[in-house]
Number of protein chains: 2
Amino acid sequence: MALEHAILISLSERAASGLELTRRFDKSIGFFWSATHQQIYRVLARMEKDGWITSTVVAQQGRPDKKVYVFSADGHAALAQWLAEPTPNSPLRSELALKMRGASNADHREAVLDVVRTNLADHQTRLGFYEQLCKQDYPAPDSLSGRELDQYLVLRGGIRMEQGWIEWLTEYLAAHESRTTSKDTA
Amino acid sequence: MALEHAILISLSERAASGLELTRRFDKSIGFFWSATHQQIYRVLARMEKDGWITSTVVAQQGRPDKKVYVFSADGHAALAQWLAEPTPNSPLRSELALKMRGASNADHREAVLDVVRTNLADHQTRLGFYEQLCKQDYPAPDSLSGRELDQYLVLRGGIRMEQGWIEWLTEYLAAHESRTTSKDTA
DNA sequence: CGACGCATGTAACCTGTTACATGATTGG
DNA sequence: CCAATCATGTAACAGGTTACATGCGTCG
């Protein structure tokens, strides 16, 4: 039940409508907690029913009305309680690791190597994106504090994770390429 | 739909009953793809219905009968196809990162720091466990090949991921401890 | 008018989690 | 006989995904 709390955190930074929240989940918060608009609308309805948030219909120029949500005292309390709760470390869940394990059982070696290469390239792209974001938005990390410091540190985590993946997949490919079969040299 | 394929991979290494598969998912394969026995039985039933696997009831001494599954030609084909498919990189999904982002909005700083410290300790424990496993089971990595090599490389991934987490959380704590408020020195 | 973007939803489905149910056999 | 272990399930629910539905307003 973390989506409720993700929404509370986002609303605590600034009030928003369902669609605006969806857009935020495509960006910063979405880098470590994604959600579709269907999920968000569903949870917003439940949260309002539970009294965590309240909505106001806001008319717009040249656009349909939107429902802007703000969070209530109850929502604030719920968030505070959740923040203090221990969070179990989510175990690694990787289809790619599964495929690595499956590759040894038959002649699927090359197919899996290709999959790994594709994913490695994707991780490298994402790392580059994160690093650029980091350099642009936080040129002087040592002087950060408050919300900006936390946002920076979370981004650092994304960078470290991507680096970990890249190192792992690189090691995987190197190990298999150094044991190349004769087929490859033909 | 990766659980089916995880089971196929496990069955391809050795035929097994539902409970035996469950035990394997508590160990090696479970390090990157966990599953409960309820899930496994449900999926085994579907896979048998689809003709991916076949079962034989095996009588045992001093124990109830068990249903041992082996995978069929169809199962082999399904696995081969899946292995060659691209696998989207599963995005990071971290409640802990969410809490880091939430900590800046009110006076929840200390509570979240405690949660982070707990999780850091847990990652350190798991890293130690993985490293011991690695040293024990694969003392000479350079000479590995085939299935053992793949198992080793997957374990290396687990180690790298844990290291990444430890570095990240350490950086997080250091950043916040170096900006300690007067409260802490009182 | 028709296509597109904004904005809010519904419905069906799949996966995974939690709790419970059943029966056999061994050991105390 | 009772508890524990082995072994196989059922049922109910929560969360996430995918596809579809609806209505308004602007722009071409």
Side-chain angles (χ1 to χ4, degrees), chain A residues 1-8 11 15-26 29-30 32-50 53-69 82 87-95 98, chain B residues 1-8 11 15-26 29-30 32-50 53-69 82 87-95 98:
Chain A
M1 301 227 256
L3 182 53
E4 280 95 332
H5 302 98
I7 289 175
L8 282 179
L11 286 181
S17 69
L19 199 60
E20 283 160 2
L21 282 168
T22 302
R23 291 213 195 87
R24 289 186 203 168
F25 277 84
D26 285 337
I29 288 191
F32 51 91
W33 204 274
S34 62
T36 60
H37 82 271
Q38 292 92 336
Q39 250 182 298
I40 288 170
Y41 282 118
R42 188 208 277 160
V43 170
L44 281 173
R46 182 168 68 219
M47 289 168 76
E48 188 169 23
K49 199 192 66 187
D50 292 345
I53 54 175
T54 56
S55 67
T56 321
V57 174
V58 173
Q60 301 182 100
Q61 295 183 334
R63 290 178 181 184
D65 295 355
K66 63 178 179 179
K67 271 162 82 176
V68 173
Y69 292 92
W82 179 78
T87 291
N89 280 327
S90 47
L92 177 62
R93 202 141 224 263
S94 167
E95 261 189 45
L98 221 47
Chain B
M1 300 227 255
L3 181 53
E4 280 94 332
H5 302 98
I7 289 176
L8 282 179
L11 286 181
S17 69
L19 199 61
E20 284 160 1
L21 282 168
T22 303
R23 291 212 194 88
R24 288 186 203 168
F25 277 85
D26 284 338
I29 287 190
F32 51 90
W33 203 273
S34 62
T36 61
H37 82 271
Q38 291 91 337
Q39 249 182 299
I40 289 169
Y41 282 119
R42 188 207 277 160
V43 171
L44 280 173
R46 181 169 67 219
M47 289 168 78
E48 188 170 22
K49 198 194 66 186
D50 292 346
I53 54 176
T54 57
S55 68
T56 323
V57 174
V58 173
Q60 301 183 103
Q61 296 182 331
R63 290 181 181 182
D65 295 354
K66 63 179 181 180
K67 272 162 80 176
V68 173
Y69 292 92
W82 180 76
T87 291
N89 280 327
S90 48
L92 178 61
R93 199 142 227 259
S94 167
E95 260 189 48
L98 222 46

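Values reported hereafter were calculated over all heavy atoms of this structure, with side chains retained and with hydrogens, waters and symmetry mates removed. Reminder, nothing fancy here: chain letters follow the sequence lines and each chain counts from 1. Every value quoted in this text rests on a predicted model; they were computed, and no experiment measured them.
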Test side-chain contact (heavy atoms from CB on, under 4.5 Å) applied to [X] - qualifying residues, sequence neighbours left out:
{"X": "A/Y41", "answer": "A/L19, A/H37"}
{"X": "B/E20", "answer": "B/A16, B/S17, B/R23, B/K66"}
{"X": "A/T56", "answer": "none"}
{"X": "A/E4", "answer": "A/M1, A/V43, A/R46, A/M47, A/W52"}

Practice task
For A/Q60, answer base if it contacts any base atom (sugar-phosphate contacts may also be present), sugar-phosphate if it contacts only those atoms, and nothing otherwise; contact means non-hydrogen atoms under 4.0 Å.
Solution key: sugar-phosphate
Handout entry: Beyond-backbone contact of A/L21 with A/L44, side-chain heavy atoms, under 4.5 angstrom
Key = yes
Handout entry: Pairwise side-chain contact, A/W33 with B/R93, heavy-atom cut-off 4.5 Å (strictly under)
Key = yes
Would you kindly give the [atom1]-to-[atom2] distance between [X] and [N], to the nearest whole Å?
{"X": "B/Y41", "N": "D/dC6", "atom1": "OH", "atom2": "P", "answer": "11 Å"}
{"X": "B/E95", "N": "D/dG15", "atom1": "CD", "atom2": "P", "answer": "11 Å"}
{"X": "A/M1", "N": "D/dG16", "atom1": "CE", "atom2": "C1'", "answer": "15 Å"}
{"X": "B/K66", "N": "D/dT5", "atom1": "NZ", "atom2": "C1'", "answer": "15 Å"}
{"X": "A/K67", "N": "D/dG23", "atom1": "NZ", "atom2": "P", "answer": "16 Å"}
{"X": "B/Q39", "N": "D/dT8", "atom1": "CD", "atom2": "P", "answer": "17 Å"}
{"X": "A/R46", "N": "D/dC13", "atom1": "CZ", "atom2": "C1'", "answer": "12 Å"}

Completion exercise
Nt span of DNA chain C in reach of chain B heavy atoms at under 4.0 Å, 5' end first, is C/dT15 to C/dT26
Handout entry: Position toward the 5' end of DNA chain D (nearest nucleotide), B/Y69 or A/H37
Key = B/Y69
Exercise for the section: Between A/R42 and A/Q38, name the one whose nearest nucleotide on DNA chain D is closer to the 5' end. Expected result: A/R42
Problem - Name of the residue among B/I40, B/I29, B/I53 meeting side chain to side chain contact (heavy atoms under 4.5 Å, CB included) with B/I7 - result: B/I40
Problem - Under 3.5 Å donor-acceptor, A/S34 side chain and A/G30 backbone - result: no
Report all interatomic pairs (protein N or O, nucleotide N or O of nucleotides 25-28 of chain D) with separations under 3.5 Å.
none

Problem - Rounded distance (nearest 0.5 Å) linking atom OG1 of A/T54 with atom NZ of A/K67 - result: 11.5 Å
